[in-house]
Amino acid sequence: MAKGSAASPGHLMTEEGEGQAGGCPVRVKELPPGEEARLVTLGFKGYTGLVRTQPGGMLMKARYKEMAPRFYNFAFRPDDIVVMTYPKCGTTWMQEILWGMTHLDELDEADRLPITKRTYFIDSDALYQLEDQMKDRFLMERFRALCPSARPDRGILLQSCGAQPPHPSKPRIIKTHFPFSLYRPDLLDRCRVVYVCRNPKDACVSYHHHCRLINTYKFEGSFETFAGCFMAGDVFYGRFWDHVAAAWERRRHPRLHFVFYEDLQLRVLEQLGDLAGFLGLRLSQEQLETVAKHASFPQMKARDALTPLPLSSSTNPSVGSFFRKGTTGDWSNVVSSELDALMESWVQEHEEALGIRFKYTLSG
Ligand code: A3P
């Protein structure tokens with residue numbers, strides 16, 4: 001059996017297709033007085049109504065509080081492919097690769113529907129306001145069709161995803177930035193996980209751009225201030241190293257596939273071959289090439305110009321677009337030498353502790 005092959009067929013589903021009711025040890029607390037104001041003063045103008053998770057101390061929107069047990073107990077299926085990442089580490093690229101590998105017979109569909117609508121970003125139900133989600137016609141039509149009697153406030157994405165009928169060759173592709181600690185400990189017994197990570201300097205630069213672009217965060221401070229918050233874990237999804245560590249320690253699990261963004265850039269076909277093997281897909285060299293091209297940065301950026309990703313309630317178009325540069329090493333154009341000295345010691349301390357080594361440039 002291939003590394004990531006499903007252990008058993010079938011899946012758990014309740015009436016609404018969401019997770020079985022169950023306990024949830026995740027605690028969610030409002031921020032202490034003054035904490036939110038401190039973050040707003042630093043530049044995160046969108047940081048209102050926040051909570052922190054325990055474990056993890058992760059910042060999240062207040063909606064997460066009521067949703068935490070639904071995420072924790074979500075009924076993943078053995079054939080699901082979950083893309084788990086810290087934000088800005090290549091999630092969208094991997095979603096498109098996985099979708100391409102499993103939809104080779106209908107790649108044109110990507111011209112019509114953005115990847116966000118061909119896969120499920122389940123965190124959306126905690127991250128975005130319900131009113132904003134309900135303005136998305138596609139999301140609501142799919143929700144009504146898949147779960148006609150369900151209540152939107154119980155999670156539009158979670159319930160739609162839960163109710164998607166199983167397909168023999170087109171598994172659900174589920175994106176999440178939530179770390180392992182916010183899911184049941186047997187997550188890897190219940191589905192396959194592809195974990196993508198990226199060097200934290202480029203991830204930080206990309207996250208800074210994202211937080212300026214998306215009004216959920218509405219970051220208006222300097223890059224230096226953002227980087228300080230990033231290193232302290234005072235951003236959504238918390239501390240970079242905690243997130244990576246939880247996946248890294250599971251990297252030998254047969255149902256986890258660990259991928260570095262930089263390796264995907266350096267050796268895309270080899271990486272796609274390994275990924276196909278993990279998924280138990282027999283793809284020819286020509287098919288791998290087709291997928292690599294379909295998910296290449298230029299093709300994804302070009303498609304985004306025609307069918308933009310609906311990212312959240314609103315974005316600040318003056319900041320640019322989601323598909324920024326898609327390169328490795330751009331941090332060196334943004335990070336000052338003073339800041340880099342700080343980042344280097346932060347990186348070295350954590351890389352040594354974890355026994356992981358990122359690539360910060362593609363040459364040498
Ligand atoms: P940059 O901001 O450095 O350009 P995520 O999908 O996890 O949010 O990650 C977004 C980052 O991945 C952005 O990085 C984006 O440009 C980059 N990206 C998206 N599609 C890509 C692709 N096909 N190839 C390489 N990088 C890609």
Side-chain angles (χ1 to χ4, degrees), residues 82-101 107 110 114-124 127 173-179 193-214 216-217 219 223 226-227 230 235-237 240 243-244 247 258-269 271-272 275 288-305 307-312 315-316 319-335 358-362:
V82 175
V83 185
M84 182 188 278
T85 56
Y86 189 84
K88 313 318 291 174
C89 290
T91 332
T92 319
W93 188 10
M94 182 52 75
Q95 284 170 272
E96 197 62 88
I97 289 169
L98 292 168
W99 186 87
M101 283 185 169
L107 289 183
I115 188 67
T116 41
K117 298 189 169 174
R118 289 174 276 130
T119 56
Y120 291 98
F121 178 31
I122 53 175
D123 308 13
S124 305
L127 208 50
I173 297 169
I174 300 174
K175 160 185 167 180
T176 186
H177 293 313
F178 289 137
V193 176
V194 177
Y195 189 90
V196 191
C197 66
R198 182 184 196 184
N199 83 65
K201 294 184 188 178
D202 279 322
C204 179
V205 169
S206 184
Y207 206 174
H208 173 240
H209 170 80
H210 191 72
C211 288
R212 291 175 64 231
L213 178 71
I214 309 283
T216 311
Y217 313 103
F219 185 73
F223 175 72
F226 181 87
F230 180 84
V235 288
F236 277 41
Y237 297 103
F240 176 86
H243 204 290
V244 172
F258 198 98
V259 181
F260 289 93
Y261 176 95
E262 295 80 14
D263 289 343
L264 264 182
Q265 289 200 309
L266 279 171
R267 295 180 291 273
V268 68
L269 289 178
Q271 290 287 312
L272 294 199
L275 181 60
L288 293 178
E289 281 166 17
T290 302
V291 173
K293 197 166 161 208
H294 168 80
S296 66
F297 187 81
Q299 287 219 359
M300 286 179 68
K301 192 175 168 83
R303 280 197 297 270
D304 186 56
T307 51
L309 302 176
L311 291 168
S312 69
T315 58
N316 181 353
V319 172
S321 81
F322 178 88
F323 292 92
R324 199 182 61 95
K325 292 197 173 171
T327 56
T328 292
D330 186 46
W331 62 270
S332 63
N333 300 316
V334 180
V335 180
F358 283 101
K359 294 185 179 76
Y360 293 85
T361 156
L362 294 188

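Please read these numbers as outputs of a predicted model, since none were measured by experiment. Note that ligands are numbered from 1 as they come in the structure, with each ligand's atoms numbered from 1 the same way.
Annotation: Lys88 places an N or O atom under 3.5 Å from an N or O atom of ligand 1; distance criterion only. Close N/O approach between Ser206 and ligand 1 is found [any backbone or side-chain N/O within under 3.5 Å]. Residue-to-ligand polar distances place Arg324 within reach of ligand 1: an N/O pair is separated by less than 3.5 Å. At least one N/O-N/O distance between Tyr261 and ligand 1 falls below 3.5 Å. Remark: ligand 1 and Met300 share no N or O pair separated by less than 3.5 Å (distance only, no angle test). Residue contacts with ligand 1: Pro87 is placed with no nitrogen or oxygen under 3.5 Å of a nitrogen or oxygen of the ligand (distance criterion only). In terms of N/O distances under 3.5 Å, ligand 1 is approached by Cys89.
Nearest-heavy-atom check against atom 6 (O) of ligand 1 across Val268, Val196, Thr92 picks out Thr92.
Nearest non-hydrogen protein atom to atom 20 (N) of ligand 1 is Phe323 CE2, 3.5 Å. Here the protein heavy atom with the shortest distance to atom 15 (C) of ligand 1 is Phe322 O, 4.2 Å. Summary of contacts: the protein heavy atom closest to atom 7 (O) of ligand 1 is Thr91 OG1, 2.4 Å. Shortest contact from atom 27 (C) of ligand 1 to any protein heavy atom: Phe297 CD1, 3.6 Å. Shortest contact from atom 24 (N) of ligand 1 to any protein heavy atom: Trp93 CD2, 3.3 Å. For atom 23 (N) of ligand 1, the nearest non-hydrogen atom of the protein is Ala295 O, 2.8 Å.
Across Val244 and Cys197, no two heavy atoms sit closer than the pair CG2-CB, 4.4 Å. Between Gly329 and Ser332 the shortest heavy-atom distance is O-OG, 2.9 Å.
Each of Tyr207, Tyr360, Tyr86 was compared with Pro200 under the side-chain contact (heavy atoms from CB on, under 4.5 Å) criterion, and only Tyr360 meets it. Considering Thr91, Thr92, Thr176 in turn, Thr91 is the only one that fulfils the side chain to side chain donor-acceptor pair (under 3.5 Å) rule with Thr85.
Judged by the shortest distance from any of its heavy atoms, His209 lies outside the 4.0 Å radius around the atoms of ligand 1. Using a 4.0 Å cutoff on heavy atoms, Arg198 counts as a contact of ligand 1.
Remark: side-chain polar atoms of Gln271 are not paired, donor with acceptor, to backbone N or O of Leu266 under 3.5 angstrom. A donor-acceptor pair is defined here as one N or O able to donate and one able to accept, closer than 3.5 Å; no such pair exists between the side chain of Ser206 and the backbone of Ala203.
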(message) Met94 vs Lys175, test: side chain to side chain contact (heavy atoms under 4.5 Å, CB included). Steps then yes/no.
(response) CA-CA 10 Å; Met94 182 52 75; Lys175 160 185 167 180; over 6 Å; no
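Separation of the Tyr217 and His208 ring centroids does not fall under the 6.0 Å cut-off. Taking the ring centroids of Phe260 and Phe358, they lie under the 6.0 Å cut-off. For Phe219 and His210, the gap between ring centers reaches or exceeds 6.0 Å.
Near Ser296, the atoms of ligand 1 lying under 4.0 angstrom from a non-hydrogen atom of the residue are 23 (N).
Aromatic ring orientation, Trp93 versus Tyr261: perpendicular (interplanar angle above 60°, classes split at 30° and 60°).
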